[in-house]
Amino acid sequence: MPELPEVETICRELRKTIQGHTIIECEIFRPDYLRGGDSDQFIQSASGRRIESVDRRGKYIIWEIGVGRIVSHLGMTGKYIVQDESVKIPKHTVARFKFRDKSLLLNDVRRFGRLNLYLNGETISALESLGVEPFSENFDLKYISTIFKDRKRPVKELLLDQSIIAGIGNIYASEILYRAKIHPLSSGSHLSKAKLKRLIESTKNILELAVDNAGTTISDYRRVDEKTGNFQNLLKVYGKEGCSCEFCQNEIKKIVFGGRSAFFCSGCQKI
DNA sequence: CCAACGTCCTGCGTGC
DNA sequence: TGCACGCAGGACGTTG
């Protein structure tokens with residue numbers, strides 16, 4: 001499931017492969033992937049445009065194409081695949097961008113992702129509602145204590161809220177809380193200043209380490225050259241229920257709330 | 001404003 | 001062997 005480190009890895013690879021290149025033509029195989037957007041207009045507006053830059057905001061990938069921006073979100077299983085030649089198009093490919101010497105495929109088994117083109121001047125509401133970038137200096141104690149002060153919800157749910165911090169998903173939320181020694185069910189408004197400080201530092205540290213390791217491949221995530229990430233080898237709690245904590249040897253437990261699973265150490269992380 | 005919940009979607013693992 | 005079922009979960013719309 002592409003979260004910030006996976007999306008950042010993909011952006012870096014897209015910069016090397018398609019930034020500065022011109023979209024000769026594009027095809028949309030699944031118009032519903034545009035979520036109500038007009039696929040004919042997409043094709044019309046994107047064709048012939050040079051990709052000026054590739055950027056990330058939260059889990060969104062943004063291509064600047066002069067007349068506007070192409071914005072994609074990979075959802076759960078979305079991936080970009082660079083093809084050197086026009087070989088067979090794999091199942092679940094939703095779109096294809098053709099360049100002079102290669103094609104870029106957008107493939108998404110479960111189609112939770114999305115792809116849209118916004119012309120200059122159009123508001124991109126999905127981006128406007130995003131919270132702070134974890135690596136920015138605005139993500140500090142003042143910001144997080146102001147927001148968490150009135151939030152009684154479990155801290156793990158707050159970490160997953162993209163309008164507070166942009167980019168954290170279910171895997172890194174558990175890893176961040178483990179490193180910060182905070183129980184996932186702890187209420188946001190009840191966290192001490194010391195815990196909030198640890199939460200911020202752990203968020204930055206875990207995400208940076210994961211970017212350095214090209215993200216986490218559990219099942220679907222692949223880089224644009226179809227290689228896996230490496231951070232799955234460094235996970236401490238996610239998917240490790242029943243194992244013992246490498247710090248205190250207590251059992252790693254799995255609980256479900258807010259519709260998703262959380263993993264934590266029953267010894268290190270107390271409410 | 002905040003929170004809770006249903007919806008979308010396919011592949012895979014499990015149990016009978 | 002086949003089939004039903006539950007699970008994985010990011011964003012968003014609806015409801016309270």
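Residue numbers begin at 1 in each chain, while the letters A, B, ... track the order of the sequences.
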**Asked** Which heavy-atom pair separates Ile271(A) from Ser186(A) by the least distance, and what is that distance?
**Response** CA-OG, 3.8 Å
**Message:** Within the 4.5 Å heavy-atom criterion, are Ile43(A) and Glu27(A) side-chain neighbours or not?
**Reply:** no
**Message:** Tell me the interatomic distance from Arg35(A), atom CZ, to dG10(C), atom C1', rounded to whole angstroms.
**Reply:** 11 Å
**Asked** Reckon Tyr60(A) touches a base, only the sugar-phosphate, or nothing at all at heavy-atom distances under 4.0 Å?
**Response** sugar-phosphate
**Prompt:** Do Glu175(A) and Arg179(A) sit within salt-bridge range, that is, some charged N less than 4.0 Å from a carboxylate O?
**Reply:** no
**Message:** Is the shortest side-chain heavy-atom distance between Leu199(A) and Leu177(A) below 4.5 Å?
**Reply:** yes
**Fill in**
At a 4.0 Å cut-off to heavy atoms of chain A, the contacted part of DNA chain B spans dC2(B) to dG11(B)
**Nearest-angstrom distance from the residue atom CG of Asp220(A) to P of dG10(C)** = 13 Å
Expected rows: protein N/O vs nucleotides 5-9 of chain C N/O, under 3.5 Å:
residue: dA8(C); atom: OP1; partner: Lys254(A); partner atom: NZ; Å: 2.8
residue: dA8(C); atom: N3; partner: Arg110(A); partner atom: NH1; Å: 3.3
residue: dA8(C); atom: N3; partner: Arg110(A); partner atom: NH2; Å: 2.9
residue: dG9(C); atom: OP1; partner: Asn170(A); partner atom: ND2; Å: 3.0
residue: dG9(C); atom: OP1; partner: Tyr238(A); partner atom: OH; Å: 2.6
residue: dG9(C); atom: OP2; partner: Ser261(A); partner atom: OG; Å: 3.0
residue: dG9(C); atom: N2; partner: Arg110(A); partner atom: NE; Å: 3.2
residue: dG9(C); atom: N2; partner: Arg110(A); partner atom: NH2; Å: 3.0
residue: dG9(C); atom: N3; partner: Arg110(A); partner atom: NH2; Å: 3.3

**Asked** Should the pair Phe264(A) and His183(A) be assigned to parallel (<30°), tilted (30 to 60°) or perpendicular (>60°) ring geometry?
**Response** tilted
**Item:** salt bridge (Lys or Arg N to Asp or Glu O under 4.0 Å): pairs with one or both residues in residues 130-140 of chain A, sequence neighbours excluded
**Value:** Arg56(A)-Glu133(A), Arg57(A)-Glu133(A)
**Audit row: Ile23(A), Phe99(A), side chain to side chain contact (heavy atoms under 4.5 Å, CB included) steps and yes/no** = CA-CA 5 Å; Ile23(A) 301 168; Phe99(A) 299 90; 3.8 Å; yes
**Request:** Decide yes or no for Leu117(A) and Leu34(A): does some side-chain heavy atom of the first lie under 4.5 Å from some side-chain heavy atom of the second?
**Result:** no
**Message:** So, OP1 or OP2 of dA11(C): does either fall under 4.0 Å of a side-chain N or O from Gln162(A)?
**Reply:** yes
**Prompt:** In whole Å, what is the span from the CG atom of Leu130(A) to the P atom of dA11(C)?
**Reply:** 8 Å
